[in-house]
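Notes follow once the structure below has been shown.
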Amino acid sequence: MGRDIPEKGAPGPRSSDPGTAARRGGPPNQGLALAAMLFAVSMTFIDQTIVAIAAPDIIDELGLTSSQMQWVVNAYLLTLAAFFALGGRLSDILGHRRVMLIGTLVFVIASALCGAVPSGDFAQAWLIGFRAVQGIGAALMFPAALAVVIAVFPVERRGRALALFFGVSGALTAVGPLLGGWLTAWTWRAIFWVNVPIAVIAVVLALLAHIPDRARREPLDLPGAALVAVGMGLTVLGLQQAGTWGWDSAATWACIAGGLLVLAVFCRYELRTRFPLIKLRVFRDLAFRVDNAVLFFAMMAFVPVFFFASVYAQVSLSASPNQAALYLLYFFIGFGLASQWGGRILDKRGARPAMKLGTALGAVGFALWAGKLTSLSMHDQWLYAAMAGAGIGLLLAPASTDAVNRAIDASYGEVTGITQTVRNFAASIGLAVYGTMLTHTTITKVDETLRSKGLPDGESRDIAESVAQSVTGHSDSRGPSGSGPVAETVRDSMAAIRMDFAQANQWVFYGMAIALAVAFLISLRHPGTRVTQESSDRPSGS
């Protein structure tokens, strides 16, 4: 097939192509384009973790409750998941560079306004509202940025470029706590203001890179966008609030069941509309289905591991927030180094070998890491944490790149929206399931410890529940305040309680190992076909 086939098969004429762009301003500068996209998406990754470090200062200054602070975090994640598919589709319709710039501006303006939140009665609504707008900006920016990288690099160099993109951007998750701890010492508002200079650099580099902007003259599927936003939003809300509402709550299951029902209606609608938000026929490709399934189970471990490892370090190891961030660097060093290796494997042999090796290494690494948690020593865990990170690093770029390369009609933004929605949805499920597991196991073990110290059954259970619910990721080395025999017993039991919490975390990390093992079994189903320059130009999804 010739390379002009996609142009003929596209629904309408495109506003420009690489050749036109080259004539107008020269060919795209690949290095500048990649750097611009990395600066842009770095804000979205850092923002997923930096707010948690500043939470106590935000609560103190604005007078928020813990529940209100949770909404400050959840508002960003909810809108990010709900609008990712829309962001990917807008990127295809309006042009990747244009939507990336719009998303960056929305994100940075919302960030500046989050930092300028006034004290008083409007503080909660102001902060939650603009955190939600941040999520919308990120949902516009990220799929467009990834589509830009794909568009400016040829297929034979795309694997290495995306390995760098995913490796660096993923490793930036670890920067959030370190940067947050340093900025919060000045003012917590700086955790939002720091996005302003980063956004300026991203915009300037994007304008200098001469990135071609392809657009499609297609109508936007607004009903589909509304359905997927409501469906994803309800489902993620139910999963994220399950720890607060409880798994036996009618509200939890109403949100989850309602969201899944709306998503089912969305799929039915998309199959019948002429210009769908998501071309579901891309799922006919076996390799695409396998790529997304592997990403789903891998993300059940990758995103939650940050939270649970940080909490473990601060509670069981009595580490400070900055020490906990350094603890996570073991994982991210392995992740960053292996990401480059995964990209090379993808370029030379395709996605299947990298996914098989990555999922197997990740499963073994998480299992061995879990076994060492009760040693209460960072030194004993670094190798296994690095192995777990290397496993995720090996598979992430190959699975993501292989999935996006199979886009129909070169609609990279749209398919990126699909893969990123899968990833965020899986992360929400992992956080909810593992969080419930951690809380239940901690309560059981702390209850047993306190009863062995002589506390009555009912009283020990109440205290165990209080201890489990009070775990927020901050150092727990001081012990409870107060006087009397009960408080004295709990203080005397703190060493045992820290061990109980470490044992509870073992179940969580074994769960992550199981998720990677399932991903390994799924990776065996990948047909092993590779997307070449010739095959990537086909307008079909098979």
Side-chain angles (χ1 to χ4, degrees), residues 49 163 166-168 170-174 293-313 316-317 319 324-346 351-400 423 426-427 429-431 433-434 437-438 502-524:
T49 56
F166 286 114
V168 173
L172 286 171
T173 310
V294 167
L295 285 172
F296 182 90
F297 284 99
M299 290 306 103
M300 286 187 68
F302 178 52
V303 177
V305 72
F306 170 82
F307 173 76
F308 292 105
S310 176
V311 171
Y312 160 80
S316 292
L317 304 183
L326 292 173
Y327 171 68
L328 285 171
L329 284 181
Y330 296 142
F331 178 92
F332 284 109
I333 288 172
F335 175 87
L337 294 175
S339 293
Q340 301 306 302
W341 189 19
R344 295 188 181 95
I345 294 175
L346 173 66
R352 189 171 187 261
M355 288 196 296
K356 287 171 57 181
L357 180 60
T359 51
L361 181 62
V364 172
F366 273 108
L368 294 175
W369 192 4
K372 284 293 184 180
L373 291 180
T374 52
S375 70
L376 301 185
S377 168
M378 290 188 187
H379 177 73
D380 292 340
Q381 300 175 38
W382 73 266
L383 176 61
Y384 307 122
M387 284 178 61
I392 299 291
L394 273 172
L395 69 90
L396 184 59
S400 300
R423 290 174 58 173
I429 291 176
L431 284 166
V433 173
Y434 299 143
M437 183 188 306
L438 179 67
Q503 292 173 343
N505 270 277
Q506 280 187 312
W507 288 97
V508 171
F509 280 66
Y510 281 130
M512 295 176 184
I514 292 172
L516 267 297
V518 173
F520 170 76
L521 295 176
I522 293 172
S523 71
L524 300 178

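Note that the coordinates shown come from a computational prediction; the quantities given were computed from them, not determined experimentally. What's counted below: heavy atoms across the whole structure, side chains too, no hydrogens, waters or symmetry copies.
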Legend entry - Listed partners of Y434 passing ring pair (Phe, Tyr, Trp, His ring centres under 6.0 Å), at least two apart: none
Inset, instruction - Could you list all the side-chain hydrogen bond (donor to acceptor under 3.5 Å, both in side chains) pairs where at least one residue sits in residues 294-306, not counting sequence neighbours? - result: none
Inset, instruction - Kindly state each residue pair satisfying side-chain hydrogen bond (donor to acceptor under 3.5 Å, both in side chains) with at least one member in residues 361-373, sequence neighbours excluded. - result: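 Every side-chain hydrogen bond (donor to acceptor under 3.5 Å, both in side chains) pair that includes a residue of residues 361-373, provided the two are not neighbours, is Y327-W369, W369-Q381.
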Legend entry - Residues forming a side chain to side chain contact (heavy atoms under 4.5 Å, CB included) with L376, sequence neighbours excluded: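 So L376 forms a side chain to side chain contact (heavy atoms under 4.5 Å, CB included) with Y312, S316, L317, M499, A502.
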Distance-only check: which donor-acceptor pairs under 3.5 Å involve side-chain atoms of residues 505-517, not counting sequence neighbours?
| unit_1 | atom_1 | unit_2 | atom_2 | d |
| --- | --- | --- | --- | --- |
| N505 | ND2 | F501 | O | 3.0 |
| Q506 | NE2 | A370 | O | 2.9 |

Legend entry - Euclidean distance, F308 CZ relative to L438 CG, rounded to 0.5 Å: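 The CG atom of L438 sits 6.0 Å away from the CZ atom of F308.
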Legend entry - Separation between OG of S339 and CG of L337, rounded to the nearest 0.5 Å: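 One gets 8.5 Å once the value is rounded to the nearest 0.5 Å.
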Measure across [X] and [Y] and return the closest heavy-atom pair with its distance rounded to 0.1 Å.
X    : Y    : answer
A298 : I392 : O-CD1, 4.0 Å
A351 : P398 : CB-O, 3.7 Å
P353 : I345 : CB-CG2, 4.1 Å
L396 : S400 : O-OG, 2.9 Å

N/O donor-acceptor pairs under 3.5 Å from side chains in residues 356-367, not counting sequence neighbours:
| unit_1 | atom_1 | unit_2 | atom_2 | d |
| --- | --- | --- | --- | --- |
| T359 | OG1 | M355 | O | 2.7 |
| T359 | OG1 | K356 | O | 3.1 |

Inset, instruction - Classify the angle between the aromatic ring planes of F335 and F331 as parallel (below 30°), tilted (30 to 60°) or perpendicular (above 60°). - result: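 Aromatic pair F335/F331 classed parallel.
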Legend entry - Main-chain N/O of L524 paired to R352 side chain as donor or acceptor, under 3.5 Å: yes
